[in-house]
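A, B, ... follow the sequence lines: proteins, then strands. Residue 1 opens every chain.
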Number of protein chains: 2
Amino acid sequence: MESHLSINEVAARTGLSAHTLRYYERAGLIAPVARAPGGQRRYATSDLEWIGFLLRLRETRMSIGHMQVFARLRGEGTGSTPERRQMLESHLVEVEASIEAMQRAARALQAKIEHYRTIEASLQTATQTTGRKAPCP
Amino acid sequence: MESHLSINEVAARTGLSAHTLRYYERAGLIAPVARAPGGQRRYATSDLEWIGFLLRLRETRMSIGHMQVFARLRGEGTGSTPERRQMLESHLVEVEASIEAMQRAARALQAKIEHYRTIEASLQTATQTTGRKAPCP
DNA sequence: GCTTGACTTGGAGTGCACTCAAACTTCTAG
DNA sequence: CTAGAAGTTTGAGTGCACTCCAAGTCAAGC
């Protein structure tokens with residue numbers, strides 16, 4: 001297990017800030033990271049992979065609280081895979097519902113945009129036919 | 001313009017709490033609502049429609065700050081449709097990116113779930129072939 | 001040795017989006 | 001007329017997810 005990346009290198013690679021990396025470790029989302037002799041963090045490749053997965057969870061709006069539970073289960077080893085799978089499955093149900101809600105809402109925004117285009121076109125027409133600026137009714 | 005619904009009726013219809021409806025009004029997301037003689041709010045059908053649209057914006061994670069700008073533009077009348085359309089268009093770009101990110105992340109979760117299933121199956125097989133409970137390695 | 005810059009810690013602070021509290025006033029049913 | 005439900009206001013409080021600060025440590029270059 002290679003252990004070589006500094007906190008700022010990991011920040012650059014993951015897009016998380018060094019602040020947030022320390023915060024995640026303090027919160028128990030990341031297991032205590034290996035340290036160089038002087039106490040500085042040295043992240044292993046496996047840490048990077050785990051942080052990547054945490055980012056997938058964050059992208060799907062899993063709360064820190066749920067991630068804490070998930071990380072704790074992960075720390076308990078292979079025996080906790082059923083619980084972890086169930087957590088992901090029920091989270092995925094919510095995520096898919098949320099994606100559909102966003103898609104529906106996005107279509108409503110699209111419709112509103114079209115509506116505005118129509119209004120703008122008719123205002124433009126009014127200006128052209130009367131030869132004056134559109135009044136403010 | 002019918003003006004008849006009380007705040008709790010609107011809360012029931014929209015899923016927002018009465019607290020939140022007052023907060024939105026104070027924040028300028030909803031224009032001052034008509035009042036009954038005693039000062040109680042009486043929402044018109046047009047208010048309901050607007051609140052519905054605000055909910056679409058909220059579902060797509062538009063911030064209160066942006067909604068305030070949008071609501072202010074709306075209050076300025078038809079002349080502001082180009083700005084409103086541009087706001088929605090650029091917001092929609094973000095929303096679509098966010099939907100795609102969530103979909104990618106959801107596929108990663110799905111893959112992890114499959115991975116867990118595989119692990120569970122092999123643990124189960126080990127238990128069956130050896131006739132004992134899975135040890136904790 | 002000294003400076004510079006990257007790192008460490010615990011605790012405090014920030015911004016967002018609500019959410020509630022306190023002290024009222026008003027409406028409705030009996 | 002009265003009880004109680006429902007509404008009003010302003011300002012304060014909450015929970016989340018960071019984000020920053022102060023005071024200190026450590027390694028490398030001059």
Exercise. Reckon A/Arg35 has a side-chain N or O less than 4.0 Å from the OP1 or OP2 of C/dT9?
Worked result: yes
Exercise. Are A/Phe70 and B/Ile119 connected in a single hydrophobic cluster, I mean Ile/Leu/Val/Met/Phe/Trp/Tyr linked by side-chain heavy atoms less than 4.5 Å apart?
Worked result: yes
Exercise. Between residues 52-61 of chain A and DNA chain D, which residues have a heavy-atom gap below 4.0 Å?
Worked result: A/Arg58
Exercise. Are A/Leu54 and A/Ile7 connected, step by step, through hydrophobic side chains (Ile, Leu, Val, Met, Phe, Trp, Tyr) whose heavy atoms are closer than 4.5 Å?
Worked result: yes
Seminar exercise, completed: Assert: residue with more 5' nearest nucleotide on DNA chain D, out of A/Thr20 and A/Gln40, is A/Thr20
Exercise. Where the side chain of B/Thr14 meets the backbone of B/Val10, is there a donor-acceptor pair that is under 3.5 Å apart?
Worked result: yes
Exercise. Please give, in whole Å, the distance from C/dA6 P to A/Leu5 CG?
Worked result: 17 Å
Exercise. What is the distance from CD of B/Glu9 to C1' of D/dA5, rounded to the nearest Å?
Worked result: 14 Å
For this session: Return yes if a side-chain donor-acceptor contact under 3.5 Å exists between B/Thr81 and B/Arg85, otherwise no.
Result: no
Problem set entry | Rounded interatomic separation in angstrom, taking CD1 from A/Ile64 and P from D/dT19 | 11 Å
Exercise. What integer distance in Å separates A/Arg26:CZ from C/dA12:P?
Worked result: 11 Å
Exercise. Below 4.0 angstrom, N of the basic side chain to O of the carboxylate: do A/Arg56 and A/Glu59 qualify?
Worked result: yes
Problem set entry | Rounded interatomic separation in angstrom, taking CD from B/Glu25 and P from D/dT10 | 11 Å
Exercise. What is the nucleic acid contact for A/Arg41, judged by heavy atoms within less than 4.0 Å: base, sugar-phosphate only, or nothing?
Worked result: sugar-phosphate
Exercise. Using a cut-off of 4.0 Å on non-hydrogen atoms, how would the nucleic acid contact of A/Ser17 be classed: base, sugar-phosphate, or nothing?
Worked result: nothing
Problem set entry | Distance in angstrom units between B/Leu21 CG and D/dT8 P, rounded | 10 Å
Seminar exercise, completed: When rounded to whole Å, the NE2 to P distance for the pair A/His19 and D/dT19 reads 9 Å
For this session: With DNA chain D as reference, determine whether A/Tyr24 or B/Ala18 sits nearer its 5' end, using the nearest nucleotide of each.
Result: B/Ala18
Exercise. In terms of hydrophobic clusters joined by side-chain contacts under 4.5 Å, are A/Leu92 and A/Ile99 together?
Worked result: no
Seminar exercise, completed: note: B/Arg22, atom CZ; C/dA17, atom C1'; distance rounded to Å ~ 17 Å
Exercise. Quick one: do A/Arg117 and B/Glu89 make a salt bridge, cutoff under 4.0 Å?
Worked result: yes
